[in-house]
Novice: 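Sharing a structure, written as structure tokens. Questions coming.
Treat the numbers as computed from the prediction; the structure is a model and nothing was measured. Within every chain, numbering begins at 1; the chains are lettered A, B, ... in the order of the sequence lines, protein sequences first and strands thereafter. What you see below is based on every heavy atom in this structure, not just the backbone, and it leaves out hydrogens, waters and symmetry mates.
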Amino acid sequence: MNAPKNAAPKTAISPTRAENYAEWYQQIVRGADMAELSGVRGCMIIKPNGYGIWELMQRDLDRRFKETGHENCYFPLFIPLSYFQKEADHVEGFAKEMAVVTHHRLKAKDGVLVPDGELEEPLIVRPTSETVIGVAMAKWIKSYRDLPCLVNQWANVVRWEMRPRLLLRTAEFLWQEGHTAHETMEDAMAEAKRMHEIYRQFVEEVMAIPVVMGEKPAHERFPGAVNSFSIEAMMLDGRALQAGTSHYLGQNFSKALNIQFQSREGNLENVHTTSWGVSTRLLGALVMTHGDDNGLRVPPRIAPWHVVIVPVLRNDSDKDAVLAYCESLRNELNAQIFAGAPVRAKVDMREISGPDKKWDWVKKGAPLILEIGPRDVEGGKVCIMRRNALEKGKSFALRAEFVSGVADELASIQKDMFDQALAFQKARTVADIKDRKAFDAYFAAENAFESGPGFVRAKWSGDPKSVETLEALGVTVRCIPLDQDGKEGTCVLTGAPATMDAIFARAY
RNA sequence: CGGGGAGUAGCGCAGCCUGGUAGCGCAUCUGCUUUGGGAGCAGAGGGUCGCAAGUUCGAAUCUUGUCUCCCCGACCA
């Protein structure tokens, strides 16, 4: 046996989370082969391992949307400026991060191509589609019989962010945006809350990321919204990440865009609308919730491959038998059902060394990695590594037992990953800070992997002016959690009487 | 957009101050050896030094401009 002279690094990802959290994040996205920079300012390339996860997320979410009565549509990428400026708050909120199309052709001038053919009306590249969908709804909706109108689109959007971060905040990203119109405020509010809950279920049950459900304070609302609901997740450095939002838009957009219907009583009324969305930002949340110093860990329900089989080939005489064993094992695994779908098992046939294959899948986060060599074939066994318990090393099982138990095993990994993330979130949420002095002391530290602040749950008066005093700390009100204790207390920021609980944190 | 840092081979970097025509480690390819685990030895391929202009006999190196990325901030449904 040849022991490597250069000792292998202790971790597959360098630097570790504790050494340099921001750099670790970059390295893990690359090491797991999820996404990379594109050379186009702020825009990313989503690679197969990242896109494969996104496709599974889409599939699951899309099913949930359809089960609740929504239908998919597609609306234009370009929005006429005149549409966009109809809702004042909406303009205010997005104006500073807009990509604008002003020309429709190129001409050669001094050997270089320059824009030519100026448009009479500039087009903006959609940052979100309330206006263009609202204009369509105004045509579609005439009567209360046309309501509710429930549409969703899977699309890309562009927001010219000042400081892009791979997956978390890119100039272009993929998302879904649901847009609905209803007869009454009650119906629309119920819809906004229904989708809020669907996001919670999806993110917690499928992505194994625990979240806090809450409502955004007024100053954090979506431009044009009456109420904004969000799910807030805690990243491994204690920062918050808004993982999904659902908005009750009232009649703001229906009045601006004339979305009117004749009511049951015969009156002409404006509809009440909602919008809700999640994006590829969730892939960033996945990294910063489940990543470790060896790479990504993907919860089984969205893992492109549940089980990766790495053949260990010593010499040509073993090769055929080992490969035949691997392939039949894969077929047996594919016949098993996990979470309502066939187990996704793959034999890694690439012509690279066994250890390299193993570490590649460790970094990509496959939940179960099997190494199969001649001895396993002989003994009818499998050698198992669990990605979420790498430190426990390998274990061996009889092939038949492993196959029949694989669905349970995946379910158990799914649960363990959620439980672990929930324990982290709870351990780093404090609820016993009662005054400003203790609050400032808590947030005096920087956010880091194993130290620094997380979420503070405390009473807040709701006074917008109190928030301005948080700017120096870089802290924001993340949400007003739905579960309120209703007890009287004093505002942690100002000392004024307050009954409302709020979550305070630094955020991405 | 403000402050700081950086762009040299796929990745990580040295060279720049003191201009002379590009180097190291890993990765890749080939051969031999090894084989229950991120192997060893030998050899090879790969870069108009982010881009543009200027100074110069000569620029990775000096000057100016420009683009991009990273970190901190501002901004961020």
Novice: Where the side chain of A/Leu37 is concerned, which of B/C70, B/C72, B/C76 is the nearest nucleotide?
Specialist: B/C70

Novice: State, without any angle test, whether A/Gln153 and A/Ser129 hold a side-chain donor-acceptor pair at a distance under 3.5 Å.
Specialist: yes

Novice: Partner lookup for B/C16, please. Criteria are Watson-Crick or G-U wobble with both distances under 3.5 angstrom; report none if nothing qualifies.
Specialist: none

Novice: Do A/Asp292 and A/Arg387 make a side-chain contact, defined as non-hydrogen atoms from C-beta onward lying under 4.5 Å apart?
Specialist: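 Heavy-atom side-chain distance check passes, below 4.5 Å.
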
Novice: Provide the distance between the two C1' atoms, one in B/C41 and one in B/G46, to the nearest whole Å.
Specialist: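 These two C1' atoms come out 22 Å apart once rounded.
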
Novice: If you measure from the C1' atom in B/C13 to the same atom in B/A27, how many Å do you get, rounded?
Specialist: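 One C1' to the other, the span is 14 Å.
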
Novice: Using the P atom as the point on both nucleotides, what is the distance between B/C11 and B/C51, in whole Å?
Specialist: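 Pairwise P distance, B/C51 against B/C11, rounds to 15 Å.
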
Novice: Nearest whole angstrom, please: distance from the P of B/C11 to the CD of A/Glu36.
Specialist: 9 Å

Novice: Taking the inter-plane angle between the rings of A/Tyr21 and A/Phe449 on a 0 to 90° scale, is it parallel (under 30°), tilted (30 to 60°) or perpendicular (over 60°)?
Specialist: parallel

Novice: Using a 4.0 Å heavy-atom cut-off across all strands, classify A/Gln242 as base, sugar-phosphate, or nothing.
Specialist: base

Novice: Hey, would you say the A/Phe504 and A/Phe443 ring centroids sit under 6.0 Å apart?
Specialist: no

Novice: Out of B/C72, B/G38, B/C11, which has the shortest distance to the side chain of A/Arg165?
Specialist: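 Out of B/C72, B/G38, B/C11, the nucleotide with an atom closest to A/Arg165's side chain is B/C72.
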
Novice: Within the sub-3.5 Å range, which N or O atoms of nucleotides 42-46 of chain B have a protein N or O partner, and how far apart are they?
Specialist:
none

Novice: Reckon A/Lys216 touches a base, only the sugar-phosphate, or nothing at all at heavy-atom distances under 4.0 Å?
Specialist: nothing

Novice: Report the distance from atom CH2 of A/Trp24 to atom C1' of B/G12, rounded to the nearest whole Å.
Specialist: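 One finds 20 Å between C1' of B/G12 and CH2 of A/Trp24, rounded.
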
Novice: Could you tell me how far apart A/Leu241 (CG) and B/C76 (C1') are, to the nearest whole angstrom?
Specialist: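 That distance rounds to 12 Å.
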
Novice: Within the structure, does a side-chain N or O atom of A/Arg163 lie under 4.0 Å from either OP1 or OP2 of B/G3?
Specialist: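 No, because none of the side-chain N or O atoms of A/Arg163 sits under 4.0 Å from OP1 or OP2 of B/G3.
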
Novice: We want to know whether A/Arg194 and A/Thr180 form a side-chain donor-acceptor pair, criterion being a heavy-atom distance below 3.5 angstrom.
Specialist: no

Novice: May I ask you to check whether A/His196 and A/Glu215 show a side-chain donor-acceptor distance below 3.5 Å?
Specialist: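 The criterion, which ignores hydrogens and geometry beyond distance, is not satisfied for A/Glu215 and A/His196.
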
Novice: Are A/Arg350 and A/Asp348 ion-paired here, with the side-chain N under 4.0 Å from a carboxylate O?
Specialist: yes

Novice: Distance alone, cut at 3.5 Å: any donor-acceptor contact between the side chains of A/His247 and A/Ser228?
Specialist: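 Yes, side-chain donor-acceptor contact under 3.5 Å.
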
Novice: Between B/C76, B/C71, B/G38, which nucleotide gets closest to the side-chain atoms of A/Glu161?
Specialist: B/C76

Novice: What interatomic distance, in whole Å, is found between C1' of B/U64 and the corresponding atom of B/C57?
Specialist: 22 Å

Novice: Among B/C70, B/G38, B/C11, which is the nearest nucleotide to the side chain of A/Asp356?
Specialist: B/G38

Novice: Mind calculating the distance between CD (A/Glu23) and C1' (B/C13) to the nearest angstrom?
Specialist: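 Nearest whole value for this atom pair: 14 Å.
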
Novice: Contact class for A/Thr128 vs. all strands (heavy atom < 4.0 Å): base, sugar-phosphate, or nothing?
Specialist: nothing

Novice: What's the gap between B/A6 and B/G40 when it is taken at their P atoms, as a whole Å value?
Specialist: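 Those two atoms are separated by 34 Å.
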
Novice: Check every strand shown and say whether A/Phe173 touches a base, only sugar-phosphate, or nothing at a heavy-atom separation below 4.0 Å.
Specialist: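 It contacts base atoms.
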
Novice: Given that both distances must come in under 3.5 Å, which nucleotide forms a Watson-Crick or G-U wobble pair with B/A9?
Specialist: none

Novice: Mind checking the C1' distance from B/U18 to B/G3? Whole angstroms is fine.
Specialist: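 My reading of the C1' atoms in B/U18 and B/G3 gives 31 Å.
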
Novice: Nearest nucleotide by nearest heavy atom, which residue falls closer to the 5' end of RNA chain B, A/Glu371 or A/Thr476?
Specialist: A/Glu371

Novice: Taking atom P in both B/C62 and B/G43, compute the distance separating them and give it to the nearest angstrom.
Specialist: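 Nearest-Å result for B/C62 against B/G43 at atom P: 35 Å.
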
Novice: Could you list by number each residue of residues 372-390 of chain A showing a heavy-atom separation from RNA chain B of less than 4.0 Å, or answer none if no residue does?
Specialist: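 Per residue number, the list reads A/Gly373, A/Pro374, A/Arg375, A/Asp376, A/Cys383.
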
Novice: Using Watson-Crick or G-U wobble geometry with both distances below 3.5 Å, tell me the partner of B/G43, or none.
Specialist: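 Pairing partner, where one exists within any strand: B/C29.
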
Novice: When the P atoms of B/U48 and B/G23 are compared, how many Å lie between them, rounded to an integer?
Specialist: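 To the nearest whole Å, 14 Å.
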
Novice: Nearest-nucleotide wise, let me know which of A/Gly244 and A/Ile13 is further upstream toward the 5' end of RNA chain B.
Specialist: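 That would be A/Ile13.
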
